[in-house]
Amino acid sequence: MSEWIHPGLIFILGALLIPLFESIGRKIRNVYMIALPVIALIDLLFMSYGEYWRVPFLNYELIFGRVDALSMVFAYVFVIASLCMTIYALHVSESGHHIAAFLYVGATLGVVFAGDLITLYIFWEVMAFSSLALIWYRGTKRAHEAGFRYILWHLFGGMFLLAGIILHIMSFPGQEGIAFDAFAWGLGSSFIPSYLILLGFILNAAVPPLHAWLSDAYPEATVAGAVFLTAFTTKSAIYVLLRGFSGVEILIWLGAIMAIYGIIFAVLENDIRRLLAYSLISQGGYMVAGVGMGVLGTKVGETAVNGAIAHAFCCVLYMALLFMAAGAVLEVTGKSKLTELGGLYRFMPRTFWLYMIGAFSISGFPLFSGFVSKTMVVEAAAHGHEIVWLLLECAAIGTFLVVGLKLPYFTFFSGVQCEEAREPPKNMLFAMGIVAFLCVFIGIFPQFLYGMLPYAVHYEPYAPGHVISTCEMLIFTFVAFWMLRDNLRPEQKITLDTDWLFRLAGRKFIWFCEQPLITFAEIIDGALRKIADFFAWLANNPAVASRMLVALTGAIVFKPFHPLNEKYERDLNELKRVYSDEAVHRMGIGTGVLLVLIFFTLYLFIYLSYGVLWR
């Protein structure tokens with residue numbers, strides 16, 4: 001079928017009906033919410049390539065449905081992930097939480113299928129505000145503050161994106177101006193719009209130093225909300241980078257720095273969800289680097305693009321699984337710091353093993369999903385980008401060290417022995433089981449994923465040499481961890497990131513507004529009030545006021561001459577006494593009218609003279 005309902009519309013309109021089904025019954029609501037992503041998945045299966053859902057707008061035509069290989073692979077993983085995440089969140093009672101999550105998914109699908117920049121920007125902003133609700137729904141002071149910073153960052157990025165879109169439309173008239181295709185890069189006539197649009201994209205991708213919103217806000221979201229957040233914002237940013245900036249060399253280095261930067265901060269973290277948030281940033285570095293190496297028309301470039309897409313697909317799944325397990329720990333213990341956890345394996349063995357499947361996947365173990373996707377990007381970097389290759393390999397070692405060893409060891413075994421815990425609700429375990437199955441399935445049968453990619457895959461992940469070298473690296477990392485595990489023991493501390501600079505500057509700005517600026521404003525306000533009061537007093541009775549001003553002026557002028565000064569002061573006091581009854585000495589109305597006419601005549605003369613002189 002060539003025309004089909006937009007899958008994003010299924011989530012957006014479906015979200016608005018959730019309160020109706022809530023009023024019928026909780027079970028009916030849950031069945032309805034599960035049905036929405038299932039319907040969306042069936043919708044995707046019947047889609048055919050092309051451009052659909054065209055809507056006239058001013059002198060342009062908005063394209064809400066550009067369906068091709070790139071948009072479909074992201075749409076599939078987003079819908080599959082939304083199904084698992086919805087099951088995970090079924091125990092959440094607040095309908096508003098589910099509405100925000102479904103709007104978030106629908107807006108992300110709107111970004112994926114957007115065929116023009118205007119449509120892209122609309123869904124881009126809806127995505128930001130709907131995801132904000134998933135942070136604020138936790139209801140804590142830290143969540144409200146983190147959410148406020150989160151939306152400020154995204155408004156900042158959206159401002160640059162909108163400015164770039166407007167300048168791009170001005171540079172290219174007609175439908176070409178709003179087309180969402182590859183952007184010109186370099187110092188040409190349209191380089192400024194491209195730079196602004198790229199800045200808006202990489203902020204959502206959490207590229208350092210524009211990344212702190214992620215590690216700040218995701219750990220403060222609700223248990224289920226954090227799982228949704230891991231999948232959509234950063235991966236939709238990878239999608240738009242692939243669509244608009246594939247092959248831009250600066251992204252190679254940004255991605256390499258991002259990969260190593262995120263894992264260094266993950267090593268330092270104590271909070272398990274913050275640790276995973278930094279690991280998410282690190283994994284995004286592989287994708288960004290892959291986008292930068294994606295010079296189309298070359299074998300290495302196509303491998304890099306395929307690797308970035310495949311890794312985004314796998315990362316959505318295994319990061320969701322990791323955050324699900326971390327959320328389960330927080331759900332049943334109320335704690336998320338490694339220094340407060342330990343010995344949970346006795347109470348949560350299923351959660352542990354499900355977590356480890358996600359950990360094996362993100363670490364790139366053979367037979368798990370990360371092994372068949374991450375190594376594609378690393379392989380592309382080995383051809384001509386040796387330093388980038390080295391940084392990505394170091395990040396892979398750090399990922400296993402932190403996510404695969406440190407976090408599970410100090411959460412489920414060593415550390416403070418938790419006295420009592422339990423497995424999370426069944427819906428949470430079931431959702432984790434589905435995602436874990438997908439991670440293993442893709443790892444064993446990578447052709448299932450490779451068949452979705454836009455370019456032919458000439459990469460064999462299970463080459464014997466590759467498998468052996470990977471196993472050696474993982475074994476040596478485990479040995480190093482076991483020998484140094486006491487040095488890696490978590491500590492109760494706060495890790496300062498780049499957002500500390502912005503917060504410091506913000507506090508200084510607030511102090512300036514509250515202290516010097518307000519003081520200066522009060523001085524100006526007081527002076528203006530006195531001037532206004534003076535003119536009001538003068539206009540109230542000009543006759544008395546003019547005589548009093550003359551006497552006061554004389555007293556001031558002749559103040560050095562004591563006899564005269566005393567005389568004028570006596571005259572002034574007498575004048576105040578005599579004219580205290582202003583009604584007796586009030587000026588007649590004719591005099592006031594005369595003064596108004598004189599003022600108006602002078603104004604008219606000056607205005608006409610100004611016009612003659614400048615004519």
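Below, each value reflects all heavy atoms present in this structure, side chains not excepted, and no hydrogens, waters or symmetry copies.
If you look at Phe448 and Phe441, their ring centroids are closer than 6.0 Å. Proximity of the aromatic rings of Tyr450 and His458 is defined here by a centroid distance below 6.0 angstrom, and this criterion is not met.
Checking Thr303 against Asn306 by side-chain atom types alone, no donor-acceptor pair falls below 3.5 Å. With hydrogens and angles left out, the side-chain atoms of Thr233 and Tyr104 include a donor and acceptor closer than 3.5 Å. Defined by atom type and a distance below 3.5 Å, a donor-acceptor pair is present between the side-chain atoms of Tyr150 and Ser131.
Residues Ile80 and Val316 are not in side-chain contact: their nearest non-hydrogen atoms beyond the backbone lie 4.5 Å or more apart. Side-chain contact between Val295 and Thr298: present, with at least one pair of heavy atoms (C-beta onward) separated by less than 4.5 Å. Side-chain contact between Tyr261 and Met258: absent, with no pair of heavy atoms (C-beta onward) separated by less than 4.5 Å. Under the 4.5 Å side-chain criterion, counting only non-hydrogen atoms from C-beta, Glu472 is not in contact with Ile475. For the pair Tyr455/Ile309, no side-chain contact is recorded, criterion being any heavy-atom separation below 4.5 Å from C-beta on. With contacts defined as side-chain heavy-atom distances shorter than 4.5 Å, the pair Val112/Leu70 does not qualify. Phe430 places none of its side-chain heavy atoms less than 4.5 Å from the side chain of Asn427. In this structure, Tyr462 and Phe371 have side chains that are in contact, with non-hydrogen atoms separated by less than 4.5 Å.
Using the six-membered ring where Trp is involved, Phe323 and Tyr218 have ring planes that are perpendicular, over 60° apart on the 30 and 60° scheme. Using cut-offs of 30° and 60° for the angle between ring planes, the Phe365 and Phe368 rings count as perpendicular. Classification of the His168-Phe172 ring pair by plane angle, with boundaries at 30° and 60°, yields tilted. Relative ring orientation between Trp185 and Tyr195 is described as parallel, the plane-to-plane angle staying below 30° on a 0-90° scale split at 30° and 60°. By the 30° and 60° cut-offs, the orientation of the rings of Phe74 relative to Phe78 is tilted.
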List the steps and the verdict of side chain to side chain donor-acceptor pair (under 3.5 Å) for Tyr459 and Thr375. CA-CA 10 Å; Tyr459 175 70; Thr375 51; 2.8 Å; yes
Step by step, work out the side-chain contact (heavy atoms from CB on, under 4.5 Å) result for Phe180 and Thr119. CA-CA 9 Å; Phe180 179 28; Thr119 303; over 6 Å; no
Verdict with reasoning, Ser48 to Val67, per side-chain contact (heavy atoms from CB on, under 4.5 Å): CA-CA 7 Å; Ser48 56; Val67 184; over 6 Å; no
Could you walk me through whether Leu62 and Phe64 pass side-chain contact (heavy atoms from CB on, under 4.5 Å), step by step? CA-CA 6 Å; Leu62 304 184; Phe64 285 85; 3.9 Å; yes
Run the side-chain contact (heavy atoms from CB on, under 4.5 Å) check on Leu241 and Val248 step by step: do they pass? CA-CA 9 Å; Leu241 286 173; Val248 175; over 6 Å; no
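Taking 4.0 Å as the cut-off between side-chain N and carboxylate O, Arg243 and Asp68 count as a salt-bridged pair. We find that Arg66 and Glu51 are not joined by a salt bridge, their nearest charged nitrogen and carboxylate oxygen being 4.0 Å or further apart.
Here the closest heavy-atom approach between residue Tyr76 and residue Leu45 is recorded as OH-CD2, 3.5 Å. Between Leu322 and Ala359 the shortest heavy-atom distance is CD2-N, 3.5 Å. Of all non-hydrogen atoms in Trp153 and Leu210, the two that sit nearest each other are CZ3-CD2, 3.8 Å. Listed here is the closest heavy atom pair of Leu229 and Ala221: CD1-CB, 3.7 Å.
Atom CE of Met159 is surrounded by more than 12 heavy atoms from other residues, nucleotides or ligands within 6.0 Å. In the displayed structure, Ile444 atom CD1 is contacted under 6.0 Å by more than 12 heavy atoms of other residues, nucleotides or ligands. In the displayed structure, Glu249 atom CD is contacted under 6.0 Å by at most 12 heavy atoms of other residues, nucleotides or ligands.
Each of Phe102, Phe123, Phe228 was scored for a ring pair (Phe, Tyr, Trp, His ring centres under 6.0 Å) with Phe11, with one residue passing: Phe102.
Remark: Leu276 CG to Ser215 OG distance equals 12.5 Å, nearest 0.5 Å. Taken from SG in Cys84 to CG in Leu438, the straight-line distance is 6.0 Å, to the nearest 0.5 Å. The CG atom of Leu9 sits 9.5 Å away from the CH2 atom of Trp53 when rounded to the nearest 0.5 Å.
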